[in-house]
Structure formats: C-alpha cells, structure tokens
Amino acid sequence: MDGILALAAANLGSPIILSFALGLAASLARSELTVPEAVAKGMSIYLLFAIGFKGGAAVAANGLDAALIGALLAGAVLSFAIPFVAFGLLRVMTKLSTLDAAAVAAHYGSISIVTFVAATSVLNSQGIASEGYMVAVAAVMEAPAIVAALFLVSRTTGGSGRMDAELWREILLNGSIVLLVGSFAIGWITGEDGLAQISSFIISPFQGVLCLFLLDMGLVAGRGLRQARGVMTAPVFMFGLLMPLLGGSFGLVTGLLLGLSTGGVVLMTTLAASASYIAVPAAMRVALPEANPSIYLTLSLGVTFPFNLTLGIPIYVAVASALTGG
Amino acid sequence: MDGILALAAANLGSPIILSFALGLAASLARSELTVPEAVAKGMSIYLLFAIGFKGGAAVAANGLDAALIGALLAGAVLSFAIPFVAFGLLRVMTKLSTLDAAAVAAHYGSISIVTFVAATSVLNSQGIASEGYMVAVAAVMEAPAIVAALFLVSRTTGGSGRMDAELWREILLNGSIVLLVGSFAIGWITGEDGLAQISSFIISPFQGVLCLFLLDMGLVAGRGLRQARGVMTAPVFMFGLLMPLLGGSFGLVTGLLLGLSTGGVVLMTTLAASASYIAVPAAMRVALPEANPSIYLTLSLGVTFPFNLTLGIPIYVAVASALTGG
Amino acid sequence: MDGILALAAANLGSPIILSFALGLAASLARSELTVPEAVAKGMSIYLLFAIGFKGGAAVAANGLDAALIGALLAGAVLSFAIPFVAFGLLRVMTKLSTLDAAAVAAHYGSISIVTFVAATSVLNSQGIASEGYMVAVAAVMEAPAIVAALFLVSRTTGGSGRMDAELWREILLNGSIVLLVGSFAIGWITGEDGLAQISSFIISPFQGVLCLFLLDMGLVAGRGLRQARGVMTAPVFMFGLLMPLLGGSFGLVTGLLLGLSTGGVVLMTTLAASASYIAVPAAMRVALPEANPSIYLTLSLGVTFPFNLTLGIPIYVAVASALTGG
Amino acid sequence: METHKAKRVAIIIEAPMERRLSDALISAGVTGFSILPVLGGSGRSGKWSREGQVSRAGGMVQVVCIIRPERLDALLDAAFKVVENHIGVVTIGDCEVLRAERF
Amino acid sequence: METHKAKRVAIIIEAPMERRLSDALISAGVTGFSILPVLGGSGRSGKWSREGQVSRAGGMVQVVCIIRPERLDALLDAAFKVVENHIGVVTIGDCEVLRAERF
Amino acid sequence: METHKAKRVAIIIEAPMERRLSDALISAGVTGFSILPVLGGSGRSGKWSREGQVSRAGGMVQVVCIIRPERLDALLDAAFKVVENHIGVVTIGDCEVLRAERF
Ligand SMILES: Nc1ncnc2c1ncn2[C@@H]1O[C@H](COP(=O)(O)O)[C@@H](O)[C@H]1O
Ligand SMILES: Nc1ncnc2c1ncn2[C@@H]1O[C@H](COP(=O)(O)O)[C@@H](O)[C@H]1O
Ligand SMILES: Nc1ncnc2c1ncn2[C@@H]1O[C@H](COP(=O)(O)O)[C@@H](O)[C@H]1O
Ligand code: NA
Ligand code: NA
Ligand code: NA
C-alpha cells in the first residue's frame, strides 16, 4: 500500500501528469488555450512512430521471446472479450441504451496508446524492464473490440450487421495500427543500427513531446467534460472508474499466465485497463452513428484516461510487482 | 559605447537575428515563402512551455528570492502605467485618433515574450545570470496594460466601459498567460528532476526552434509593413523607435530599485521596452474594434520588435551592466 | 557491381527508405493514415533550413573552394539543358502531347531536394566527404529548367510566351530557393559558432525528421500512383526510370569535369538525376495549366523519386567512387 | 426527394469574436450552426492572411447557419448585436433542406 | 457574360463518412465536388471543435457540389443513402455558373 | 432588419493562381473578398487532397466575394481573364446583405 502511495505521489508529480492537469484546468476554466489540430496530429504521429520503432529495436536487440505469438493471441482475445464484460456492466449499472452501451464497450476493449506510453515512462523511471513486443500487442488489441461491439448490437437489436468490406479495411488499416506496426517492423529490421541513427529524434525529446501532447489531451478532455455535463450521470461516471480496474485485472491475469516479465505484466494490465479515444470513436461514427459520441468520448478521454494516468498505472505497477516478485 | 557596438555586432550576426532578417527580406521581396499557421502556433506553444518550465526549474534550484513578490507587483504597475505614457506621447507626436492611440498604448504596456526570449539568449551567450522568476513577471505584465487602455478610452471618449466579465476572463486566461504560468509552476514543482527528464526537448533544440520562429515573425512583419504603407506615417514610425527606449528606461529604473541582478535588470528593461503582438491585438479586436489593427500590429511587430531584437537588447545589456557594475 | 549491390542493400535497409516504403504501402492499401498538410510543410521547412545551414557552415569551415562559381554555372546550364533532352526522349518514347512533355521535362531539369538530402545521408554513413556549397548548386538548379520548358512550348506551339514579370518573381523567389539560399547564407555568416548554437536542432534530430517526411512522401506518392493509373502508360513509366540515369550521367560528367570530390560528384549526379515535385509543379499550374498534373506529379514523385532513393543513389555512389578513385 | 425552404445565413467575423457570436446564437435559440475557417481576404481595412500568424487577432471565421425562414429575424437580431461595430459581413440566401425536422 | 442555371448542394457530414460520400457521389455519376474543412459547430448533439483533436471522429467536413438542375435528384438519392442515420445537414441552393459544359 | 440585394460569387481555383486572382479583383475595383481553404475534391482531372502535400501545386482555394448586383459584370470579366484555361469553377448566387454601404 505504501508502495502504491509513494509511486502514485511520484507519478502525480511528474511533468507529464502535471502537463495533463494544466490542460484540464485551463479548459475547465474556459481559457482559449488550444493546440492546433495539425500539431496534435503531428505529435501523435511522432509518438506512435517512436514507440513502435523502439519496440521493434528492442525485439531486435533481445531476440524474439517465444511468448510473442501467445501474447498477440491473448491480446486479441482480451480485446474481443472485454466489450462483453463492459456491456454487461453498463446494462447493470447505467441506463444507457443498447447502442450507447455497445459503443462504450468497444472503447474499453480497445486500447489507448498514450496510456501505454505513460506506463512505459513509469517503468523506465523505475528501472523495470518489459518485453519490446508489447507494442505489437497494443496494435493487435486496437480492432477486435470493434467487432465484438457490432456483434453485440446485431445480437441485441436483431439488426443486420453494419460491417461492410470498406469498414473492415478502415478498421484494420486505421492510421494508428499501420504506423505502430510499420514502425515496429522498421525498428525490428534496422535494429541497433537504425536506432542509433534516429535515437536523438525518437528517444531524447520523447518525454518532452509527451508533455505537450498530454497538455493537449487535457485541453480536449476538459472541453469534453464541460460539454457533456448533461449525459454524464453518476453511474456512467462510476463505470469509467470501475471498468479500468476490472479490465485491468483481466489483463493482469493474462500477463501472469503468459509468464511475462514484471514490466510486461504491467503493460498488459494497462492495455486491458485503457480505453480507445482515436480509432474506435471514428469507427463508431461510421458503424453506430446513432450512439452518442459525447458519452463514449467523455468516458474514455475525460474519466478513464485521467484515472489510469494518475492512479491506475501506479496501482498496476504495484500489484504486478507484488505478484511477479519483480 | 564600444561595448554596445561590439554587443550589437555580435547580436546582429547571430543565427536568430539573421533568421528574422531572412524572413523580413523574403516577404518584402514578395516571396511566397510562408510558415503554416498551425506550425507557427505549435512553435509558439513550444517556446512558451520551454521558457516557463526553465524559469520554474531555476526558481526551484536557486530558492525563492524574496524579491519575487516585489518584482511581480512592480511588473503589474509598470504594465498599467506605461500605456498612459505611451498614450500621451502618441497624442503629442502623432495624429492618431484617441481610439487608435489607446489601442497602441495597450500594446506597449504589455510585453512580447519572444523579445524576452531573445534577451535571455543574449544573456546566456554572455554568461550573465538572471532571476528565474522573471518569466512570472512577464506573465503578470501581459494584462494590466489592456485595462489601462480601456480606462483611457472611457475617460477620453466618455463612453461606457467595454469590459464585460467575458472579456476579463479572456484576457486573464489567454493562452500565453496560462501556458507561461502553468509551465512555470510545473518547472517549479518538478525542479531539477523534471528538467532532467525533458531537457533534451526544451533546452537543446530551443535555439533552433527560435530561429524558425523568428523566420516566421520576419515573414509576418514584412507582410504587415508592405500592407501598412498607408497608415505608417513618419511620426508613428518614430514612436515605434522611441517608445521602447522610454518604456525600457522605466523598466531599468524599476529593476535597479528592486535590486535585481544584472540579468534581471536587463530582462525587466526588455519587458518594459517590448510591445505585445499576440494577446493584446486579440483583446483589442474585441474591446476596441474601431481601432485600426494595421497600425498597432505594424508598430509592434514591424517596428518595435525588430528594433529591440537588433539594437534594443544590446543597449539594455550594456546600460544595465554599466549601472549594476555586472 | 558487388559494391553497388552491397550499397543498395544497405540503403534499402535504412530507416529512411523503410519509412518511405511504409508510407507507400499504407496508401496503396488505402489506409487512412495521413500527415497533416501543415506538418508536412513544417518538416520541409525544417529540412531546407537545416540542409542550407549545414552547407553554409561547411563552406565557412573549409573555406571557399575556387570551383564554387564553376559549379553554380554548370548547375544552371545542366538545369536548362536537361529539359531539352527529356523533351526529346518523351517525344520519341511516349505519346504525350507537347504541353505535357514540356511540363514533364521541366521537372527533370529541376531538382528534388529530398533526393539530395538522402544522397547526403548515404555519403555521411559511408564517410565520403563532399563540398558544402553543393546546396547552393541545388538552389541554382531549381529554376532554369522552367524557363527551358516554356521556351520549348513557345517554340513548338508558336504561342506567345507565358512568362510575365510576376511569374519570374514567383519562380526565382519560390519558398524552397529562398529558404535554401537564405539558410546557406546564415550558415556561412555564422559559421562554426552558429552551427554550435543550433546543432542539436538541425543535426541530431535530422535523420528522424527525414524518416517522418519520407513516410509522408510515400503516402502522397502512393495516393498519386493509385489515382493516376489511367495516364501512366508503360512508356511513360519507363521514361521515369530511364531519365534519371540519363540526366544523372550528364551530372556525373559535369562533376568530373569540374574536378569535384567523390561526394561532390555523387551530389551533382543526384541533382541532375532527380526531378522536382514542389517548385516546378506549382509553376506549371500557372504557366501551363493545360498540362495534366497527374502525369508530371506521378512521374516525379511516384516513379523517379523512389527509383533514385532505392537504386539510383547507390549506383551514383558506386560509379562516382570508381571514376574518382574515391 | 422532398425538400423544405430554409435560409442560409453566413457571417464572416473576426476570430476573437467567434465565442461571443456562438453564445449569442445559442441564446437566441438557434439550434445549429457550423464554423468554417477563412484563410485570408481583403476589405476596406486592407488585406490579411492567416499564414504564419500566432495571434487569433489576425484572422476571421465564417459562421454558417441554416435556419427556418420564420426564425431568421431572431437570428439576425442576435447576430447584429455582436457584429455591430465589427468588420463582419452578414449574408442571407435562400436554400432548400432535406429533413426539415432538424431545423 | 453568359451564365447557366445550376444547383449548389452543400452537405455537412462527419469526417469519417467523407470517403463513403465521395464514393457514392462518384458512383452516382456526379462529375465534380469539393471538400471544405469545418472547424467546429453546434447542433442537437452538442458543441464541437476540431482544435487539438487527433481522431477524425471529432469533426465534420462540408462537401460542395455544383450540378446541373436535371441531375440533382440522382445526386440527392445517392447522398441521402449515405447521410441517412447520420447527423449531416444537406442544403440545396440555386446558382449560375460560367462554362456550363463542365457540369 | 433591413437587407439589400447582392450577389455572392464563389470561385474555386488552383492555389498557385490565388495571388493573380486577388490582384485582378482588386484592379477591377472589387472592394472585398474572402479566401476559404479547400481540402480536396474531384473533377474531370481526377481526385485530389491536400493531405500531406508540401507543394502549393496540389490544391485549390475558394474565393468568395459579396458584391452589389450592378458591379457583378466587372467582377466576372476580371475573374474570367484569370480563370480561363484554368480548372476553376465560378458560381454566382443571389443573397441579401446587412449594411449595404459596405459593398
Ligand atoms: N464583399 C465582401 N465579400 C467577401 N468577404 C468580404 C467582403 N468584404 C469584406 N470581406 C471580408 O471581411 C474582411 C474585413 O472586411 P473590411 O471590414 O471591409 O476590411 C475582409 O478582409 C474579408 O475577409
Ligand atoms: N442548422 C444548421 N446550420 C449549420 N450547421 C448545422 C446546423 N445543424 C447542424 N449543423 C452542423 O452539424 C453538426 C451536427 O448537428 P446535430 O446533428 O444537430 O448535432 C453541428 O455540430 C453543426 O456543425
Ligand atoms: N461541379 C463541381 N462542384 C464543386 N467543385 C468542383 C466541381 N467541378 C470541379 N470542382 C472542383 O474543381 C477541381 C478541378 O475540377 P476539374 O477541372 O473538373 O478537374 C475539382 O477537383 C474540384 O475540387
Ligand atoms: Na482496454
Ligand atoms: Na512593454
Ligand atoms: Na534534375
């Protein structure tokens, strides 16, 4: 417990969390501070490229762990399974419609790459190693949740499926998956050498870019919270705090069963606990246009993301360390 | 005198000044070179974040000088007082209308953070130390000048005040103030540790980003100068050269009275001498829409900014060094 | 031959080439991955500024080679002459109209600065030195090709010239020329000192930014290729592979005659072999609006650029090394 | 396809006034509008362009509002209070809409 | 100068639907359209703004299409299939064009 | 609220031609216009998009001009000289304006 608190305190005092808090506070106070859309997208491309590349280079350096295939499969299963749990919980806890509940569920099965990056930062600062291929697991976990949610909708509403070939392509080739998998591959192929060539781009300034990106996420999250006051009932809000713990515990068990390192277990837990706010919302706009975006965006970005960033990750680190003896 | 000339020469030959000159020359020659708006905004966010953070980290490292409160108060008073002087001078020297004169005056009471950054660069390259909290003073000096200008308008035109609660909020929570104060606070809280984490983002590439930002400012200033030929009469132009010296001397005296270090006096002088071109113009659009933006933007960005950048800062350094014996 | 293969293999496995390939693959697979326009422009400004500055600083460091004037003149002549060759070849090989052929020819006389940058990267990684002023040669080679193409059009169609003063100004002061020449001058003036001040901005992260820029170029090239299927006949495509070799051999001979270093010969060859895709297309839109942009953009960016990037540059390095004994 | 008569109001106004105009429209009961970027322009107060600008002062936006004819006057009154003294341009055009229940 | 009657159709739709709408228009034989950015707006589903957004989900675009009057119905049918269920706004206005052979 | 009849001319043209068009409008005595970004589109010369583009060649802009009816012809003449040979689209619509003294 003391460990968790110390870790949480250290975490809360880090520049990245404080940058997020600054953005959140600024937009709750209705400051006109904004980050241009193009700059926000540019930073997200940078972060995805850097994290993918470093993961690939780590795999090149350490050799391919036999567990890779297992971890990928497990990630896909988790991403597909978690929406069912989330959907059930939402139906019990809240009054959301089937469509809204399914849309929200899709977000929690999928992952938030920035939460993943934040967890990696914490691991680095604690000196805890993790498997480089967890980046690939993150990529694999982006999409299955969407399929699960659409399945839930068609089963409960009896409507015909809304998946067409075009949507499949869009989901599987969405920007973050392509960039993450692609840069992972490049990092793997070019290895140490490649990393040496571009490390002063993808490693040294990484934490700083992350600060500005989180500042922007704080701004967007705050704006969302302000505008979603109507739809965010207390039970919905509570779901946003409970679900990461529930999802995370599935991730934790999976990580332990796979025999991942302490860091790997933390990352698997974090992935399971995190909720998408880039790829899944865009897919929902296409596939479930009647679902209310305010609900899923605010839950994911305004509630669960800050929770994971501040309290979640330290908890996952503490628990994983205790259970793996790491 | 020799010292000023040598310093001015060194300053004029620095990459940042030459980048500004390049931008200015390019746009005066009507080159289509432009920096996208989003990139310019992204760089300004970077610069504000970096300068704020470094200021805060410096305060964390050196402890809080007792003079902080005094400097903040003095900055606020300066920012409020200088518009009256500027207004008087404008009424005497030029034929600008009351509204235009008041709008211009607001700009000179407020500050230009890039001029501040350029002065910091010169101090660094000369190895002259300064108080880290001067960044906070800069933030404090952004807004009072606007209030002074609106007071001038309501007094001279007898019109009712144009300040509403919304405008207050906008001025006090404008993007630059929030970012500067926020990152200052983050730097202060996270201190050495935080700085170490992100120094390869906010310190190493800083000068280079500043070059590109000044290139852009040169482009925008040149465009303004080309388009404002009609309104920039000789007396108005002269005001743009005189006022920084006048305002700067107020800053100088204030800095000396406060007992600041040599660098601190230079920065206080520079702040007083500089004119806003981001926050105040936006506020003027709302509060004094009848004032001509060409006049205040061109004076601030096209005349006073280049003057301070090239000759002003070396003068302020030389004078402050002589008077503080630094 | 073995040398070429080894070099080509090393080149193909470098992060920058793989990033280009990733972009190309992603857009051929119709992924929605995109880089915002403002970010792409921001990166190109960074690259032009950095490459110009480093060239200027290199000239400052090594002194001005007497061959500079000769190289500039030779570059201008090459840029003016190559379009005639390209035009003749197009008329023989393809069925393009006079206008389309002239527009394409202009692109091949002019240069691609990213191809130049990629060649510099390869030289660096091989430890082959080159003349810093080759950047200035690149700038000089941007424009004459446009004049040649317009001359070709007016001669073959008998139409009056389409050059007006405005177009001259636009061509000579286009963004890339101004930025390249300007930053070259700044690098030259500020020399070692200036470079030291901003090297952690323009040197350390350079390769990484180049990766992301090439990722974007791959995305744009792939999109062009997809949309130009109609106009890209086999002969036109073949032209895009042959012409760089032909143009490159002119550059090679020129470089040898000028007595450039091995690296200098490689760069002169690369410049002659490369085709413009920024400045010339914009000029063609104004001067030859009836020419089909799909043809010239796709040839330049979709065929010749990838060819030079992957196979061309290693060939040029191998041949130049063999002939200069470097 | 069934269409319904409506009005299209387009207001070009200084960017720093955008929030005030939005708020005024919402208070006047306008149920929907969209905000479009403007890159540059020219008018009696000279030429301008957003390129390279950092301040919001140097730009304008266009607020487009599709509205039932009978609600036009309320909208114009609300907009005029904000636009008065400012350099904005207000145009009103006729159009048809699908799905009139939305307006 | 000689002008010809035409229709101006403007469709504001969620950005992730843009490709589907374009494809539908092209399949319906629409020969030309332009896509304009939308920065933000307000409607029954609340206020939104593109500022700082990374996901395409949080935004809309405006597709503008100038078309001969006799081809309007084909266009509306095609567009409606895509827009149905979605939050888009479809407006149709009259206009004149130069160079009618292009449409 | 009192309104006045006016014309709304919208010209979609290649970005590199923007300056020429502006200059021609100003020479023709047009007192005001605004320039709006266009993200992409489709026409007889194929599909295009500004995304990831560095060159100004690959894009178009929309120049919008509100003008008194009696001055329309002068504007169209000026615009047509620039647009001729180019791929631009010129549309003219009716509208009403507030504050007619501005046009
Ligand atoms: N007649 C017009 N048509 C379109 N936009 C206009 C017109 N007049 C003014 N504008 C826009 O409004 C801005 C300010 O106009 P003004 O107040 O005349 O300087 C201009 O820079 C244009 O962007
Ligand atoms: N009447 C309207 N005029 C212009 N844009 C609208 C209108 N109604 C809705 N919109 C746009 O469409 C979006 C979604 O509308 P809604 O479905 O009503 O939430 C809004 O945020 C606006 O950008
Ligand atoms: N009918 C149209 N409606 C709207 N925009 C059009 C239309 N036709 C052409 N455009 C725009 O003008 C560009 C060039 O058209 P085109 O010359 O037909 O290739 C297209 O890519 C569109 O952006
Ligand atoms: Na998850
Ligand atoms: Na000042
Ligand atoms: Na060439």
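Counting non-hydrogen atoms of neighbouring residues, nucleotides and ligands closer than 6.0 angstrom, the CD atom of A:Glu166 exceeds 12 such neighbours.
To the nearest 0.5 angstrom, A:Tyr277 atom OH is 10.5 Å from A:Ser110 atom OG. Atom-to-atom distance recorded for A:Ile177:CD1 and A:Glu142:CD is 4.5 Å, nearest 0.5 angstrom. Note: A:Ile278 CD1 to A:Ser176 OG = 5.5 Å, rounded to the nearest 0.5 Å.
Remark: C:Ser27 engages no residue in a side-chain hydrogen bond (donor to acceptor under 3.5 Å, both in side chains) (not counting sequence neighbours).
Residues C:Val319 and C:Ile315 are in side-chain contact: their nearest non-hydrogen atoms beyond the backbone lie under 4.5 Å apart.
Against chain A, the residues from residues 31-46 of chain C that qualify, each with a non-hydrogen atom under 4.5 angstrom away, are C:Ser31, C:Glu32, C:Leu33, C:Thr34, C:Val35, C:Pro36, C:Ala38, C:Val39 in number order. Of all residues spanning residues 199-215 of chain C, those with a heavy atom less than 4.5 Å away from chain A's heavy atoms are C:Ser204, C:Pro205, C:Gln207, C:Gly208, C:Val209, C:Cys211, C:Leu212, C:Leu215, arranged by number. Within residues 14-22 of chain C, the residues approaching chain A closer than 4.5 Å by heavy atoms are, in numerical order, C:Ser14, C:Pro15, C:Leu18, C:Ser19, C:Leu22.
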Chi angles and distances behind the side chain to side chain donor-acceptor pair (under 3.5 Å) call for C:Glu131, C:Ser261: CA-CA 7 Å; C:Glu131 288 79 6; C:Ser261 68; 3.0 Å; yes

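With chain C as partner, the option from A:Thr190, A:Ile189, A:Leu172 having the largest number of non-hydrogen pairs under 4.5 angstrom is A:Thr190.
Side chain of A:Ser276 to main chain of A:His107: no donor-acceptor pair is present (N/O by atom type, distance under 3.5 Å, no hydrogens or angles). Distance alone, capped at 3.5 Å, is enough to place a donor-acceptor pair between the C:Ser274 side chain and the C:Ser112 backbone. No donor-acceptor pair closer than 3.5 Å links the side chain of C:Ser300 to the backbone N or O of C:Leu297.
When all heavy atoms are compared, the tightest approach of A:Tyr296 to A:Ala103 is CD2-CB, 3.6 Å. Nearest approach of A:Ala102 to A:Ala149, heavy atoms of both residues: O-CB, 3.4 Å.
Evaluated for a side chain to side chain donor-acceptor pair (under 3.5 Å) with C:Tyr316, the options C:Asn308, C:Thr269, C:Thr270 yield exactly one hit, C:Asn308.
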